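Position 1 is the first residue of the sequence; numbering continues from there. Just so you know, these numbers come straight off a predicted model, no measurement behind them. As the structure lists them, so they are numbered: ligands from 1, and atoms in each ligand from 1.
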Amino acid sequence: MEEEKLIIKGRIVDFPSRGEVREIKEGYIVVDDKGKIVRIGAGMPTAQDEVVDYTGMLILPGFVDIHSHIPQLDARGKYAKDLLDWLNRYIFREEKRFEEEAIAREVSGRFFEEVLRNGITTVMALSTVHKRATDIAFQEAEKAGLRAIIGKTMMDYNSPEFLKEDTDQALKDSIELIEKWHGKDGRLFYALTPRFAVTSTEELLRRTGEAARKYDVYIQTHLSESPGEVELVEMMFPSYRSYTDLYYRTGILGPRSVMAHSIHLLDEEFELLKKTETKVAHCPAANLFLHSGRMNLKKMEDYGITLGLGSDVGAGPYFSPFQLMRDMYYLNQLSPSEAFHYATLGGARALSLDDKIGTLEAGKEADFVVIDPSDLYPADESIDEILSQLMFRGDDRQIRATYVRGRRLYGK
Ligand SMILES: [Zn+2]
């Protein structure tokens, strides 16, 4: 039996299914020396371990952000008329800067600080095309102590000369990074990352699918974000029935593949996502910012497609899961408890990590966030009212501490 190490006291809340709130009003979590949850209960255990008292505050599962971009941290909030305009005007140039190691290190470090400051304990993110910058991003994630799935962006076609790569080199670099980082410490994983169809050859997509199966890693990319992008993909790949069909027939879809956006889909494309158990990253803030359109949440749910929330920083101007849930509500009305489910267990399921994280229960790892909403509500309101006020008025200021495997990585 593992040694019990830490006892956390507070109002323990999680979201084990869509719309369900599980609450222990005055509860405790016992964490062992490996960072696993040993026990959860009401009242107070009799053990003599270190007690951290968050009485009056909420303890929730750590938030899971399943889509963002490390190099776009400082490019947030720059207006453009649509996705392609924004990429060409600001983003490709911003990503070029990451050929400099010092910039890659400074921005990556700050990116993970921001993530933790917002209560996020697991993040899936794209790096740039640079192998060295991606290696540095992994080093910074390792140092920060959180859970991260990262991939070097691959662009071998229709790209600015200063980012465009040779197909062989893009895959070779990615495989070397897989060998170095995938599975490290059980919390760092690799995602093969073709940027999107617009900057990919068919060969790159096919070889990405093959490599993902061979090395058993994730794939992350963008699917059907803006109307202009979809039109371009149809022109570039006329022999495929749709954008999703292109990904399907080149082997990009699958249970460990996460497609950001997935907005402008035909019924047959929903079918393909379902059939292949592909996951979707819903990025409401980015979709509003770039006026890309509205993902159809109801239809995703009706098809039984697993989805989580993504900040999509930098098209998304903020990391705060409260703000993302609010945007999600404005695009697709849903209850606060449903939104919190997507921001926690939904994301964990989308990343196939729900056996380890996403809810607070014995046997899972102790990834949680401490929320102090006392400036938003008078003491003793019902949990439904508190969640609603957090969703509609909350931001990073209510995050009091962020823990991964029982270790406090952020706190104030
Ligand atoms: Zn993105």
Side-chain angles (χ1 to χ4, degrees), residues 64-78 80 82-95 98 107-108 111 114-115 120 122-129 133-134 137 148-155 159-160 163 191-200 205 208 218-230 232-233 243-244 247 252 257-265 278-295 307-321 323-324 327-328 331 347 350-351:
V64 181
D65 181 345
I66 70 167
H67 183 75
S68 66
H69 297 253
I70 297 164
Q72 295 176 14
L73 181 69
D74 296 329
R76 290 178 286 168
K78 294 190 179 181
D82 63 19
L83 169 69
L84 299 177
D85 178 38
W86 179 74
L87 288 171
N88 287 316
R89 204 189 285 213
Y90 307 112
I91 298 305
F92 292 145
R93 269 192 297 148
E94 182 74 12
E95 295 193 3
F98 283 68
V107 177
S108 300
F111 178 91
E114 278 296 295
V115 162
I120 297 159
T122 300
V123 63
M124 185 176 211
L126 288 83
S127 171
T128 56
V129 295
T134 309
I149 302 169
I150 301 169
K152 186 198 94 66
T153 294
M154 297 186 284
M155 301 168 73
S159 310
L163 293 179
L192 285 160
T193 308
R195 179 172 213 119
F196 61 160
V198 174
T199 51
S200 304
L205 297 176
T208 296
Y218 294 91
I219 292 178
Q220 60 178 346
T221 189
H222 301 88
L223 169 64
S224 200
E225 178 175 0
S226 79
E229 168 210 11
V230 175
L232 198 52
V233 172
Y243 199 157
T244 309
Y247 282 170
I252 292 293
S257 299
V258 178
M259 300 293 116
H261 312 301
S262 311
I263 295 174
H264 309 280
L265 302 183
T278 301
K279 310 305 194 288
V280 168
H282 178 36
C283 307
N287 299 157
L288 285 164
F289 177 74
L290 291 174
H291 278 274
S292 297
R294 185 176 73 94
M295 188 205 78
L307 60 112
L309 267 178
S311 62
D312 199 13
V313 157
Y318 30 78
F319 288 98
S320 174
Q323 289 172 285
L324 295 180
D327 293 340
M328 187 180 188
L331 286 168
L351 302 180

Self-check item: Metal site the Zn ion (ligand 1): N/O/S of His261 inside 2.8 Å
Solution: no
Practice problem: To 10°, measure the NE2(His67)-the Zn ion (ligand 1)-NE2(His222) angle for me. | Solution: 90°
Practice problem: Check whether the ring centres of Tyr247 and Phe196 lie less than 6.0 Å apart, and answer yes or no. | Solution: no
Exercise. Among the N/O/S atoms of Asp312, select the one at the shortest distance from the Zn ion (ligand 1) and name it.
Key: OD1
Practice problem: Applying side-chain contact (heavy atoms from CB on, under 4.5 Å) between Thr153 and each of Thr199, Thr193, Thr221, report the one that passes. | Solution: Thr193
Quiz item: Within His69, is some N, O or S atom less than 2.8 Å away from the Zn ion (ligand 1)?
Solution: yes
Quiz item: Going by the angle between their ring planes, with limits at 30° and 60°, are His222 and His261 parallel, tilted or perpendicular?
Solution: parallel
Quiz item: So, His69 versus Asp312: side-chain donor-acceptor pair below 3.5 Å or not?
Solution: yes
